[in-house]
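Before any comments, here is the structure.
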There are 2 protein chains.
Amino acid sequence: MTEGVVERSRPRDRILETARDMFHKHGIKGVGVDAITEAAGTNKMTLYRHFESKDDLIVECLRANAAKAGAMWEAFEAEFPGDKLAQLHAWVRKAAAMLNADGRGCDMANAAAELTEPDHPARLVIKELKEAQRERLVTLCRDAGIGQAELLADTLSLLFEGARVSVQTVGAEGPSTQFVRMAEGLIVSFRGTAAG
Amino acid sequence: MTEGVVERSRPRDRILETARDMFHKHGIKGVGVDAITEAAGTNKMTLYRHFESKDDLIVECLRANAAKAGAMWEAFEAEFPGDKLAQLHAWVRKAAAMLNADGRGCDMANAAAELTEPDHPARLVIKELKEAQRERLVTLCRDAGIGQAELLADTLSLLFEGARVSVQTVGAEGPSTQFVRMAEGLIVSFRGTAAG
DNA sequence: CTAGGGTGTTACCGGTCTGTAACTATGCAA
DNA sequence: TTGCATAGTTACAGACCGGTAACACCCTAG
């Protein structure tokens, strides 16, 4: 009765979820473990019983983000079963929606900007997850029957990545407003050229 | 009359230069003022005699970066006087060179990722300087006789921005390798369409 | 020579950070 | 009931952070 909060989930899940949100909003070095545990309604000892270190927590947060992104791809397939071109356009719409979601960029890109030590554990998983994402987009382009699928996928991915940092620096009214127009134009252009 | 021998630049210049380098390499929150002054061969008191605070130093570093970038544009004009299209291609080559320079992205984008407080003094100058950069590229495209100059400029700028974060996340062997090909293709494509 | 501005040195303040120790409280299961 | 895993509490260690005070130094202008 008196407790109506989200105390239903287990401390580990609450910590992970809260950390994801706070890292996203305030950056990784801008949030301490004390603030995370307090916001998660638990305490520091419990955090360190579930995670080896803050770096470990960071890595788990990045993996959780990637898992959520993976679910997005499954949603595309569910919405347009077999229609790969429609799924590609869905990706463009979803990307545009993320641009307007909040003024923060990609969590992995932001993490890479903050964690500069070359052997930081997060850098490995960032590279791994970004490469997996790229592979997915390349496959989607190829299955959509587009020639030079790699080039289109890389171009779209660079445009999106650039748009995300653009909203973070100059805001949502900057060059990123043209993202959909650019992306759709590119898809049309690549569809026009014969495969090869 | 008094000046002449510059065997060693003044403390303020050394601090500014050192801070620019260290912020670039290790991020802003990853470097303390003690480390900066020590690397600059001076001490903390001297830093605080020339800069109001670390935030003030950050802003001055960003402005110094922008000034250096401004010199780049003048170099284009000096190398290809009046030939705006050649200057645009020079911009593409210069951008590609920056991608391979080191694995770090744009200092302003990285600063925006780190400094999340909405009213942080650095955010204002980042927006101001990025908008100035964009205006320069738009003007160059327009003077090069390209129709839809804004759209080309924004597309190129997003591609470049995306390529910089890409090298920072997956490395220089990722999608950013195709940057020149993408950019040149876009310029050709936009030149083909009639102005209007 | 002298005065003074720029610089260097040392020590310190109050705060925050990650991470740990020791102990207590709770809930569930045999 | 007993036993054990999980979670909460308090306190602390050790390091680092941005920023300041007080004072000694040196070079040069006058």
When the distance from [atom1] of [X] to [atom2] of [N] is rounded to whole Å, what number comes out?
| X | N | atom1 | atom2 | value |
| --- | --- | --- | --- | --- |
| A:His50 | D:dA5 | NE2 | P | 14 Å |
| B:Arg14 | C:dG6 | CZ | P | 15 Å |
| B:Asp55 | D:dG19 | CG | C1' | 12 Å |
| A:Leu57 | C:dG19 | CG | P | 10 Å |
| A:Leu47 | D:dG8 | CG | P | 11 Å |
| B:Arg10 | C:dG8 | CZ | P | 12 Å |

Exercise. Would you say A:Glu52 has more than 12 foreign heavy atoms packed within less than 6.0 Å of its CD?
Worked result: no

For this session: Decide if atom CD of A:Glu38 counts as having more than 12 heavy atoms of other residues, nucleotides or ligands within a radius under 6.0 Å.
Result: no

Exercise. Between residues 110-125 of chain A and DNA chain D, which residues have a heavy-atom gap below 4.0 Å?
Worked result: none

Problem set entry | B/S/- contact track for nucleotides 20-25 of chain C, protein heavy atom under 4.0 Å | BBB---

Exercise. Just by distance, do the side chain of B:Thr18 and the backbone of B:Arg14 share a donor-acceptor pair under 3.5 Å?
Worked result: yes

Problem set entry | Results of salt bridge (Lys or Arg N to Asp or Glu O under 4.0 Å) for A:Asp34 - residues two or more places apart only | A:Lys44

For this session: Assign each of B:Arg12 and A:Ser53 to its nearest nucleotide of DNA chain C by heavy atoms, then name whichever residue's nucleotide is nearer the 5' end.
Result: B:Arg12

For this session: Report yes or no: do A:Phe76 and A:Val138 belong to one cluster of Ile/Leu/Val/Met/Phe/Trp/Tyr joined by side chain heavy-atom distances under 4.5 Å?
Result: no

For this session: Examine A:Leu62 and A:Leu47 and state if one hydrophobic cluster contains both, with Ile, Leu, Val, Met, Phe, Trp and Tyr joined whenever side-chain heavy atoms are less than 4.5 Å apart.
Result: yes

Between the side chains of [X] and [Y], is a donor N or O closer than 3.5 angstrom to an acceptor N or O?
| X | Y | result |
| --- | --- | --- |
| B:Asn110 | B:Gln168 | yes |
| B:Asn43 | B:Thr46 | yes |
| A:Ser157 | A:Asp154 | no |

Exercise. Are OP1 or OP2 of D:dG8 and a side-chain N or O of A:Thr42 less than 4.0 angstrom apart?
Worked result: yes

Problem set entry | Geometric class of the A:Phe179/A:Phe160 ring pair [parallel <30°, tilted 30-60°, perpendicular >60°] | tilted

For this session: Taking the side chain as every heavy atom from C-beta outward, state whether B:Leu151 and A:Arg181 have any pair of such atoms under 4.5 Å apart.
Result: yes

Exercise. Heavy atoms, side chains only, cut-off 4.5 Å: are A:Glu77 and A:Lys84 in contact?
Worked result: yes

Problem set entry | Candidates C:dG19, D:dT9, D:dG19 - which lies nearest the side chain of A:Asn43 | D:dT9

Problem set entry | Candidates D:dG8, C:dT7, C:dT18 - which lies nearest the side chain of A:Thr46 | D:dG8

For this session: Go through residues 29-38 of chain B and report each residue with a non-hydrogen atom lying under 4.0 Å from DNA chain C, sorted by number.
Result: none

Exercise. Stepwise, does the side-chain contact (heavy atoms from CB on, under 4.5 Å) test hold for A:Tyr48 with A:Val33?
Worked result: CA-CA 10 Å; A:Tyr48 281 102; A:Val33 292; 3.9 Å; yes

Exercise. Which pairs count as salt bridge (charged side-chain N to carboxylate O under 4.0 Å, His left out) when at least one residue sits in residues 89-106 of chain A, sequence neighbours excluded?
Worked result: none

Seminar exercise, completed: The correct list of stems in which DNA chain C takes part (3 or more consecutive Watson-Crick or G-U pairs, distances under 3.5 Å) is C:1-30 with D:1-30

